[in-house]
Amino acid sequence: MLTPFEASIHETFSKKQYSKISFFNEYNEFNTVDTLIKSILNSELGESIELNSGEIIPINKVVSINGQYSDSYKHIQDFTCDC
């Protein structure tokens, strides 16, 4: 059973629409990109998305897609700095 967030990712993939995706990469750096989801991959480690750029991101590292936040990251709403 998919969570509402995972269902949103699957819907975005099936519609082949550009999306604003925020995520943590393998170095725990926060990134935001506007891209297409090329594919959804399944492995023993869990589900991942492959971006149009070829980058593969585990679903559990995706913070938000099109403004909808993952339940794991709802406490993180703003990474901007007014420094």
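Counting from 1, the numbers follow the sequence of the chain as shown.
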*Roughly how far, to the nearest 0.5 Å, is the CD1 atom of Ile59 from the CG atom of Leu45?*
13.0 Å

*For atom NZ of Lys15, decide whether the heavy atoms of other residues, nucleotides or ligands shown that lie under 6.0 angstrom number more than 12.*
no

*Should Ile37 and Phe23 be regarded as members of a common hydrophobic cluster, given that ILVMFWY residues are connected when their side-chain heavy atoms come within less than 4.5 Å of each other, either directly or indirectly?*
yes

*Can you name the residues that form a side chain to side chain contact (heavy atoms under 4.5 Å, CB included) with Thr35, not counting sequence neighbours?*
Ile21, Val33, Leu51, Asn52

*Ser64: what forms a side chain to side chain contact (heavy atoms under 4.5 Å, CB included) with it, not counting sequence neighbours?*
Ser22, Tyr69

*Do the side chains of Glu47 and His10 get nearer than 4.5 Å, heavy atoms only?*
yes

*Do Leu41 and Ile49 pass the side-chain contact (heavy atoms from CB on, under 4.5 Å) test, and can you show the C-alpha distance, the side-chain angles, and the key distance before you say yes or no?*
CA-CA 6 Å; Leu41 310 169; Ile49 58 174; over 6 Å; no

*asked:* Membership question, hydrophobic clusters at under 4.5 Å side-chain separation (ILVMFWY): are Ile57 and Val63 in the same one?
replied: no

*Which residue pairs pass the salt bridge (charged side-chain N to carboxylate O under 4.0 Å, His left out) test when at least one of the two sits in residues 20-31, sequence neighbours left out?*
none

*With Ser70, which residues qualify under side chain to side chain contact (heavy atoms under 4.5 Å, CB included), at least two apart?*
Phe5, Ser72, Tyr73

_When you measure from the side chain of Ser8 to the backbone of Pro4, do you find a donor-acceptor pair of N or O atoms at a distance under 3.5 Å?_
no

*Can you see which heavy atom on Pro58 is nearest to which on Ser48, and at what distance?*
CA-OG, 3.5 Å

*asked:* Which residues end up grouped with Tyr18 if you chain together Ile, Leu, Val, Met, Phe, Trp and Tyr wherever their side-chain heavy atoms are less than 4.5 Å apart?
replied: Leu36

*Can you see which heavy atom on Ser14 is nearest to which on Glu11, and at what distance?*
OG-O, 2.9 Å

*Short question: side chain of Gln68, backbone of Ile65 - any donor-acceptor pair under 3.5 Å?*
no

*Can you list every salt bridge (charged side-chain N to carboxylate O under 4.0 Å, His left out) pair that touches residues 52-64, not counting sequence neighbours?*
none

*Thr12-Gln17 side chain donor-acceptor pair, cut-off 3.5 Å*: no

